[in-house]
2 protein chains.
Amino acid sequence: MAVSDVTPLRADARRNLERILEAARAAFAERGLDVGVEEIARRAGVGKATFFRRFPSKDALVLAVLEGFIEEIEAAADDAATAADPLDGLRGFLLHHMTLQANNTAFFDAVSARFTGENPPVELTDRMLDAIGRVLAPALAAGVLREGVEAGDLSTVAKMLGAAIRPMPGVLLPEAAWPRYLEVVLSGLRAGQDPLPGIAADPCTMVREVSANSA
Amino acid sequence: MAVSDVTPLRADARRNLERILEAARAAFAERGLDVGVEEIARRAGVGKATFFRRFPSKDALVLAVLEGFIEEIEAAADDAATAADPLDGLRGFLLHHMTLQANNTAFFDAVSARFTGENPPVELTDRMLDAIGRVLAPALAAGVLREGVEAGDLSTVAKMLGAAIRPMPGVLLPEAAWPRYLEVVLSGLRAGQDPLPGIAADPCTMVREVSANSA
DNA sequence: GAAAAGACGGACCGGCCGGTCCGCTTGTGC
DNA sequence: GCACAAGCGGACCGGCCGGTCCGTCTTTTC
């Protein structure tokens, strides 16, 4: 979803595209995906049509913004992977993830809601899974984790922490409480306890659809 | 939000109201709050106007359905409070909560999104908090929990587990994986570890608005 | 069993939002 | 510096959905 370069954009067009992305990031962060295209365009100082000339649809914009986040997560994962203490790396990664979610209220929920089923951004989620694997590997190798921990557990725990941080849309858990819940789940994953019961979540579940019927 | 009884409803009206509630429960469970009033009315075998004659708005219906869930949670809390082993009580309560969330995909998220800020259903959330208190009390008294655990922690953990269960809207974590994440958080809350770091989430945060600005 | 109160439903309204169109403007290559 | 392609914006369209209106039908009551 990067800038197409078959015919290089005119300078002003390129500038506007950048502005739109920036405005969208800000607007999505503040109010979630519900902000209208019109408002985003206005905040970017641009007409609606200009928006649609750059992005085929609102979804495409969302994907583009999402890609930025994935990149950030990948960077955090690389940091974590090179940490001296693998458990600290893991902690740092999850904390970074929490920050990202906190600064982008409702964004991730909305993203997953929007891309449910038919058009999952497989490439992006695969990159995310890779990142998770890179974070987990050193901790697994060092044997600091409870028996049975695997990738699906980490992605699930990340999701759980993301939920903890936003008790309601527009409400943020005070930062002083973050380490508490991070600690709760890390305690639950640390070595020196019984093996984890049950099966791990499928990390791919984050992208593949499995129709779930209620009982 | 119970049935008004100043002028008793005519028999057919009462029957229709019940049908609407039932249809709404089913529809919300399956597809979240996004189902239109029209569809709910159709599923109830009723006209749209009839719907609006019974409920002043869609939100009122949502509240009514929500109240049903609160009642269910209260019942689960009472069960938990009378369990022989307080930790088992806690586990059972959280498991029940997970089931409820699983069977009502996207319902709770949507509810909190809808009632954000201006018109929080204070009475309902207070009842919820009471229930949580009742679950927690025996475990606290028995000293089976890590030092520092309080009500806000339980509500947060419940929210986290609810998130774990729904990796994406329409996708459900396989039931075999539920005990795993329940165990992760319970391990993190059990006595015999360092006191919980940081501060606890404010349980009331689930209802009171605190405007949260992103960094 | 008839009349009045109450309930019914489907057509209708209005606002919102993603997406398009068209006449005007502006950067760009020669 | 000119011509033309590329870009631009705001008016416009159409579908969706919460909510209302009104002519008709059902229940109740005496």
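In what follows, every chain begins at residue 1, and chains take the letters A, B, ... in the order their sequences are listed.
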When you look at CD of B:E71, are more than 12 heavy atoms from neighbouring residues, nucleotides or ligands closer to it than 6.0 Å?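 Atom CD in B:E71 is crowded, with more than 12 foreign heavy atoms closer than 6.0 Å.
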
Does the distance from a Lys or Arg side-chain N to an Asp or Glu carboxylate O, for [X] and [Y], drop under 4.0 Å?
X      : Y      : result
B:E18  : B:R14  : no
A:D12  : A:R15  : no
B:R127 : B:E123 : yes

In whole angstroms, how far is the [atom2] atom of [N] from the [atom1] atom of [X]?
X     : N      : atom1 : atom2 : result
A:R54 : C:dG19 : CZ    : P     : 16 Å
B:R14 : C:dG6  : CZ    : P     : 17 Å
B:I40 : D:dC17 : CD1   : P     : 11 Å
B:F51 : D:dC21 : CZ    : C1'   : 17 Å
B:E38 : D:dG18 : CD    : C1'   : 10 Å
A:K58 : D:dC16 : NZ    : C1'   : 15 Å
B:D59 : D:dC17 : CG    : C1'   : 13 Å
A:R31 : C:dC17 : CZ    : P     : 9 Å

Compare the minimum distances between each of D:dG10, D:dG18, C:dG19 and the side chain of B:F52, then state the nucleotide with the smallest one.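 Nucleotide nearest to B:F52's side chain: D:dG18.
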
Please determine, for the side chain of B:T50, which listed nucleotide (D:dG9, D:dG19, C:dG9) has the closest atom?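 Nearest nucleotide to the side chain: C:dG9.
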
Can you check salt bridge (charged side-chain N to carboxylate O under 4.0 Å, His left out) on B:E39 and B:R43, steps first, answer last? CA-CA 6 Å; B:E39 175 170 344; B:R43 288 170 75 144; 3.3 Å; yes

Whichever of B:R53 and B:K48 has its nearest DNA chain D nucleotide further upstream toward 5': B:K48

Considering every strand and a 4.0 Å limit on heavy-atom distances, what is the contact class for A:A13: base, sugar-phosphate, or nothing?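 Sugar-phosphate only.
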
On DNA chain C, nearest-nucleotide positions of B:A49 versus A:A49: which is more 5'?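 In this pair, the answer is B:A49.
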
Summarise protein proximity over nucleotides 23-30 of chain D in one line of letters, 5' to 3': B for base, S for sugar-phosphate only, - for none, counting protein heavy atoms closer than 4.0 Å. ---BSS--

Donor-acceptor pair, distance only, cut-off 3.5 Å: does the side chain of A:Y181 make one with the backbone of B:A201?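 The answer is yes, because a donor-acceptor pair under 3.5 Å joins these two groups.
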
The residue among A:V157, A:L161, A:L90 that forms side-chain contact (heavy atoms from CB on, under 4.5 Å) with A:L182 is A:L161

Just N and O in the side chain of A:N16: are any of them under 4.0 Å from OP1 or OP2 of D:dG7?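 Answer no for this pair, as no side-chain N or O of A:N16 is under 4.0 Å from OP1 or OP2.
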
